[in-house]
*Asks:* 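Would you mind keeping the following structure in view while I ask a few things?
For the single chain, residues carry numbers from 1 onward in sequence order. As the structure lists them, so they are numbered: ligands from 1, and atoms in each ligand from 1. Please read these numbers as outputs of a predicted model, since none were measured by experiment.
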Amino acid sequence: MSVVGLSPRRPWKGRKVVLGVTGGIAAYKSVQVARDLTLLGADVDVVMSRSAREFVAPLSFSGVTGRPTLTELFSVDGAALHIRLGRDADVVCVAPATADFLARAAHGRADDLLTTTLLATRAPVVLCPAMNDRMFSHRQVQANLAHVRDGLGYTIAGPSRGALAVGEADGAGRMIEPWQVVEQVGRALEAPGSLDGCTVLVTAGPTREAVDAVRYVGNRSSGRQGYALAQAAWRRGADVVLVSGPTSLADPEGVRTVRVESAREMFDAVWEDLPSVDVSIFAAAVADYRPEDPSAGKLKRSDVGDELTVRLTVNPDVASGTRERRKDGSLAVGFALETDDLLENARAKLDRKGFDLIVANEASGPDSGFEVATNRVTILTADRAPAALPLLSKTDVAEAVLDAIEALRGPA
Ligand code: CTP
């Protein structure tokens, strides 16, 4: 997944990010990280180690951040550059973080601009390790990681498994992808709010109801709104479980994603997790009906002939049917996709399904609802005036919905 159509937004907008780059082949991917953070509105100061400059030129970073790339501890900016960088930073992220860098960070070394900046900062620190899998699993590297995580409170993001440098194996050692680094930085930038430490469950996407072994009944939901909610809730500090029908989207960073196919599978997954959930958000477009008697094999045209009748039977309602499993004091949020009488229909669903808040979604128009990146919604609660939002991206709708949830929950 790449972050497309980036524009300045919460929580990156106007924030100061120090992006440390150390000497591994994954350094080329950090140019994308610097670019995306800049497009999201952050002021990005890139600090490169000497060995990082063997892999990528400082000019590549300056070209995407519009700021000088910093390399020297002793420079014309004065010996206090590291103090200014460390003091002003809202977050320090090192990607890639090599074995050598981890060793220096774990021992509090102050032998270049990046390590001195680390000692000078009190901002959250995110490290994204990248190295050969044999090096990563070495006890010394693991001991260094344990110390910076447990002793110093740094966040360790990754590595993931996958192809390493050419000719090497494909074990754990690969740097997480640029969009994942951007999300990790986003989580570090979010101030603790009322979602910090709470558990959020989101349903998303369509469901598929089998007609036979290869065909299904479904709908055009892309899952984008639910995924944006899950990702934004995680950035705000929540533990998130996403119960998703089939979509083409990547699992959101940091989120436990449970993939299901049918409404009944979605029901079972929600039933399982709901008792420990503080906020449940039902954003899935669940198929209301399923074929009563799906065929185990493929229905063959030569056998069926000119007409095929598929009899449908009603599916369980995931939100209402699991209501008794909701934890006392938890909040439930629904969506209402309507073509007519938006507010009346949405309010009726809020009452009928026991929601505390409902997001009324206009299905009409080319810029709202299924298969598009934008949405036009109105937020309704039992006793507050409806809030009609302008046309927004689905990521901005997610932030607005979470703001409304936090307002209902009250202060952290
Ligand atoms: N929902 C659900 N399980 C279903 C149907 C809907 O959990 N089988 C949830 C949706 O995720 C959404 C809310 O209920 O949060 C309303 O969904 P919507 O499709 O708008 O309403 P329906 O209940 O299907 O009602 P109708 O078809 O009459 O509009």
*Asks:* For atom 24 (O) of ligand 1, state which one of Asn315, Asp288, Val333 supplies the nearest heavy atom.
*Replies:* Asp288
*Asks:* With a cutoff of 4.0 Å, is Ala285 in contact with ligand 1, counting heavy atoms of the residue only?
*Replies:* no
*Asks:* For atom 10 (C) of ligand 1, state which one of Ser221, Ala284, Gly334 supplies the nearest heavy atom.
*Replies:* Ala284
*Asks:* Among Arg224, Glu362, Lys394, Gln225, exactly one meets side chain to side chain donor-acceptor pair (under 3.5 Å) together with Asn375. Which residue is that?
*Replies:* Gln225
*Asks:* How does Ala319 reach ligand 1, if at all, at less than 4.0 Å between non-hydrogen atoms: by side chain, backbone, both, or neither?
*Replies:* both
*Asks:* Which is closest to atom 25 (O) of ligand 1 in terms of heavy atoms, Glu338, Lys349, Arg264?
*Replies:* Lys349
*Asks:* When rounded to the nearest 0.5 angstrom, what is the spacing between CG in Asp317 and CZ in Arg352?
*Replies:* 8.0 Å
*Asks:* Taking N or O atoms only and a 3.5 Å limit, does Ala283 qualify as a polar contact for ligand 1?
*Replies:* no
*Asks:* Looking only at protein heavy atoms, which one is nearest to atom 23 (O) of ligand 1, and what is the separation?
*Replies:* Lys353 NZ, 2.5 Å
*Asks:* Evaluate Glu209 against Thr207 for side chain to side chain donor-acceptor pair (under 3.5 Å), listing each step before the verdict.
*Replies:* CA-CA 7 Å; Glu209 312 297 330; Thr207 62; 2.8 Å; yes
*Asks:* More than 12 foreign heavy atoms under 6.0 Å from CZ of Arg215: is that the case here?
*Replies:* yes
*Asks:* Can you check whether Phe101's main-chain N or O pairs, donor with acceptor, with Thr98's side chain at less than 3.5 Å?
*Replies:* yes
*Asks:* With side chain to side chain donor-acceptor pair (under 3.5 Å) as the criterion, how do Ser244 and Tyr227 come out once you've worked through the C-alpha distance, each side chain's angles and the decisive distance to 0.1 Å?
*Replies:* CA-CA 9 Å; Ser244 172; Tyr227 277 58; 2.7 Å; yes
*Asks:* Looking only at N/O atoms, are Val318 and ligand 1 under 3.5 Å apart anywhere?
*Replies:* yes
*Asks:* Among Asp43, Asp90, Asp45, which residue meets the side chain to side chain donor-acceptor pair (under 3.5 Å) test with Lys16?
*Replies:* Asp43
*Asks:* When rounded to the nearest 0.5 angstrom, what distance separates OG in Ser276 from CZ in Arg325?
*Replies:* 9.5 Å
*Asks:* Would you compute the distance between atom CG of Leu189 and atom CD of Glu183 and round it to the nearest 0.5 angstrom?
*Replies:* 11.0 Å
*Asks:* Is there any N or O on Pro316 that sits under 3.5 Å from an N or O of ligand 1?
*Replies:* yes
*Asks:* For ligand 1 and Ala336, I'd like to know whether there is a polar contact (N/O to N/O, distance under 3.5 Å).
*Replies:* no
*Asks:* Taking atom 19 (O) of ligand 1 as the reference point, report whether a protein heavy atom occurs under 4.0 Å from it.
*Replies:* no
*Asks:* Could you check Ile358, Val243, Val270, Val333 and say which one makes a side chain to side chain contact (heavy atoms under 4.5 Å, CB included) with Phe282?
*Replies:* Val270
*Asks:* How far is atom 13 (C) of ligand 1 from its nearest protein heavy atom, and which residue and atom name does that atom have?
*Replies:* Phe335 O, 3.1 Å
*Asks:* If you have a sec, work out which protein heavy atom is nearest atom 4 (C) of ligand 1 and how many Å separate them, to one decimal?
*Replies:* Val286 CB, 3.5 Å
*Asks:* If we only consider heavy atoms of Ala263, is any one of them less than 4.0 Å away from an atom in ligand 1?
*Replies:* no
*Asks:* Checking a contact table here: which protein heavy atom is nearest atom 15 (O) of ligand 1, and how many Å away?
*Replies:* Phe282 O, 2.7 Å
*Asks:* Does the N or O separation between Phe355 and ligand 1 drop below 3.5 Å for any pair?
*Replies:* no
*Asks:* Find out whether Trp234 and Gln231 are in side-chain contact, i.e. whether some heavy atom of one side chain is under 4.5 Å from a heavy atom of the other.
*Replies:* yes
*Asks:* Would you say Leu337 contacts ligand 1, with heavy atoms under 4.0 Å as the rule?
*Replies:* yes
